[in-house]
Amino acid sequence: MENIVLNNKLECPVVGIGTFMLSPADAENSVREALKMGYRLVDTANAYVNERAVGRGIKESGVDRKDVFLSTKLWPSEYENENAVDETLERLGVDYVDLLYIHQPAGNWLAGYRQLEKAYKEGKAKAIGISNFEGKYIEELETKWEIVPQFIQVEAHPYFTQAELRKTLDKYDIKLMSWYPLGHGDKSLINEPLFTELGKKYGKSSAQIILRWHTQMGFVVIPGSKNVDHIKDNLDILDFTLTDEEMAEIAKLDKNERYYYRTDAQLVQFAGWKPDFEK
């Protein structure tokens with residue numbers, strides 16, 4: 001496994017298993033099998049309502065807890081719940097997480113960030129992060145954080161490389177974790193002739209070429225799947241390296257176009273929604 005070094009000297013694997021939209025049964029299975037295959041990064045969230053299942057999957061894998069980089073996110077309805085971190089740890093069945101995010105810039109998100117900083121100081125989170133905090137939100141947080149985050153989790157792929165955001169990230173050495181790394185399965189991205197051509201050269205699928213591009217960009221990637229073969233393929237990207245020229249060709253595909261556009265109305269809805277946690 002390749003790792004990146006965070007701004008607090010912690011190391012994080014460059015490829016992980018994501019659990020967004022996975023049912024508890026699927027999340028448990030995917031996490032268990034992924035860890036058995038050699039994955040060491042697992043990402044979940046309060047909002048995915050599968051944290052208990054992820055905890056079970058980790059235990060069933062037989063991999064030592066200290067060897068798993070576990071990432072989760074507090075949902076906006078939890079930001080003012082002073083027990084949110086402890087309740088999250090209880091659901092996961094662990095006494096710390098390696099990375100704790102606030103999930104959306106909704107509700108009293110500053111209270112949420114203060115919870116992260118407190119968890120970091122107490123050793124309940126080894127690293128902290130912000131998810132979906134782009135533009136004005138990261139600019140405001142920049143004036144208010146006591147502890148600089150180690151990570152941001154945002155949409156990123158060859159059509160949308162977060163060039164503007166990365167100027168701020170580079171200033172603080174904040175690492176980027178990509179969601180929608182394959183463009184939400186968009187066939188026009190997957191079927192770009194350049195990826196087909198590179199796939200033939202390296203004996204890889206277009207998806208594997210794109211995932212390798214992410215890691216060479218310095219991004220951490222967390223593709224999710226309930227298909228064990230896909231999970232295996234998504235890890236099988238570390239035995240080749242794209243050349244500087246090939247990375248430059250991929251850079252030309254950037255359209256600065258995202259797939260997901262969040263509205264202010266949605267942020268209000270996010271703050272009002274409470275996850276129905278798995279009992």
Find out whether Cys12 and Leu41 are in side-chain contact, i.e. whether some heavy atom of one side chain is under 4.5 Å from a heavy atom of the other.
yes
Do Val49 and Val97 belong together in a cluster built from hydrophobic side chains that touch within less than 4.5 Å?
no
Does the side chain of Ser225 come under 3.5 Å of the side chain of Asn227 through a donor N or O and an acceptor N or O?
no
Checking one residue: Leu22. Which other hydrophobic residues are in its cluster under the side-chain 4.5 Å linking rule?
none
Which pairs count as side-chain hydrogen bond (donor to acceptor under 3.5 Å, both in side chains) when at least one residue sits in residues 265-279, sequence neighbours excluded?
Arg56-Glu278, Glu78-Lys274, Thr263-Gln266
Counting only N and O atoms by type, is there a donor-acceptor contact under 3.5 Å from the side chain of His214 to the main-chain atoms of Pro181?
yes
In short, ring-ring contact (aromatic ring centres under 6.0 Å, His included) pairs touching residues 222-252 with sequence neighbours left out are Tyr202-Phe240
Under 3.5 Å, side chain of Ser206 to main-chain N/O of Asn191, donor-acceptor pair present?
no
Ile209, Met247: one ILVMFWY side-chain cluster at the under-4.5 Å cut-off?
yes
Partners meeting side-chain hydrogen bond (donor to acceptor under 3.5 Å, both in side chains) with Asn7 (sequence neighbours left out)
Gln150
Are Tyr120 and Asn8 packed together at the side-chain level, in the sense that at least one heavy-atom pair is separated by less than 4.5 angstrom?
yes
Sidechain N-carboxylate O distance under 4.0 Å for Glu90, Arg52:
yes
Rounding to 0.5 Å, atoms CG (Leu235) and CE (Met37) come to a distance of 8.0 Å
Nearest heavy-atom neighbours spanning Tyr79 and Ala106:
CE1-O, 3.3 Å
side-chain hydrogen bond (donor to acceptor under 3.5 Å, both in side chains) partners for Arg258, two or more places apart:
Glu134
On a heavy-atom basis, which atom in Arg212 and which in Thr241 lie closest, and how many Å separate them?
NH2-OG1, 3.7 Å
I'd like to know whether Asp173 forms a salt bridge (Lys or Arg N to Asp or Glu O under 4.0 Å) with Lys175, so could you lay out the CA-CA distance, the side-chain angles of the two residues, the decisive distance to 0.1 Å, and finally the verdict.
CA-CA 6 Å; Asp173 193 21; Lys175 300 302 185 190; 3.1 Å; yes
What is the minimum heavy-atom distance between Ser131 and Pro105, and which atoms define it?
O-CD, 4.2 Å
Nearest 0.5 angstrom please: Asp254 CG to Thr161 OG1, how far?
3.5 Å
Can you get from Ile152 to Val5 by hopping between Ile, Leu, Val, Met, Phe, Trp and Tyr side chains that sit under 4.5 Å apart?
no
Given side-chain contact (heavy atoms from CB on, under 4.5 Å), test Tyr39 with Ile231 step by step and report yes or no.
CA-CA 9 Å; Tyr39 281 81; Ile231 293 171; 3.4 Å; yes
What one should report as the nearest heavy-atom pair of Ala207 and Leu182 is O-CD2, 3.7 Å
Taking NZ, NE, NH1 and NH2 as the nitrogens, is one of them in Lys200 or Glu197 under 4.0 Å from a carboxylate oxygen of the other?
no
With hydrophobic residues grouped by side-chain heavy-atom distances under 4.5 Å, do Tyr260 and Leu189 end up in a single group?
yes
Do Thr168 and Glu142 get their side chains close enough for a donor-acceptor pair, meaning under 3.5 Å?
no
Note, Ile4 side chain near Phe219 side chain (heavy atom, < 4.5 Å):
no
Once rounded to the nearest 0.5 Å, what's the spacing between atom CZ of Arg262 and atom CG of Leu267?
4.5 Å
Quick test of your reading of the model: are Glu139 and Lys136 salt-bridged, counting only N-O distances below 4.0 Å?
no
Checking ring pair (Phe, Tyr, Trp, His ring centres under 6.0 Å) against Trp109, which of Phe133, Phe270, Trp145 comes through?
Phe133
Taking only residues two or more places apart in sequence, or in another chain, which ones meet Lys9 in a side-chain hydrogen bond (donor to acceptor under 3.5 Å, both in side chains)?
none
Salt-bridge test for Lys204 and Asp233: reply yes if a basic N is under 4.0 Å from a carboxylate O, no otherwise.
no
Could you work out, with salt bridge (charged side-chain N to carboxylate O under 4.0 Å, His left out) as the rule, every residue matching Lys118, not counting sequence neighbours?
Glu122
Thr72 backbone acceptor or donor facing Thr44 side chain under 3.5 Å
no
Residues that Glu146 engages under side-chain hydrogen bond (donor to acceptor under 3.5 Å, both in side chains), provided they are two or more places apart:
Lys121
Listed partners of Asp95 passing salt bridge (charged side-chain N to carboxylate O under 4.0 Å, His left out), at least two apart
none
What heavy-atom pair brings Gln216 and Leu242 nearest, and what distance separates the two atoms?
OE1-N, 2.7 Å
If you take all heavy atoms of Lys36 and Glu60, which pair is closest and at what distance?
CE-O, 4.3 Å
Can the ring centroids of Trp213 and Phe195 be said to lie less than 6.0 angstrom from one another?
no
Passing option when Asp98 is tested against Arg40, Arg65, Lys124, Lys66 for salt bridge (Lys or Arg N to Asp or Glu O under 4.0 Å)
Arg65
Hydrophobic cluster of Tyr48, others only, ordered by chain and residue number, side-chain cut-off 4.5 Å
Phe20, Met21
Going by the ring-ring contact (aromatic ring centres under 6.0 Å, His included) test, which pairs reach into residues 150-170, not counting sequence neighbours?
His157-Tyr259
Indicate if Phe277 and Val85 have the same hydrophobic cluster label, given that clusters are the connected sets of ILVMFWY residues with side-chain heavy-atom separations under 4.5 angstrom.
no
Under the ring-ring contact (aromatic ring centres under 6.0 Å, His included) definition, can you give me all pairs with a residue in residues 80-101, not counting sequence neighbours?
none
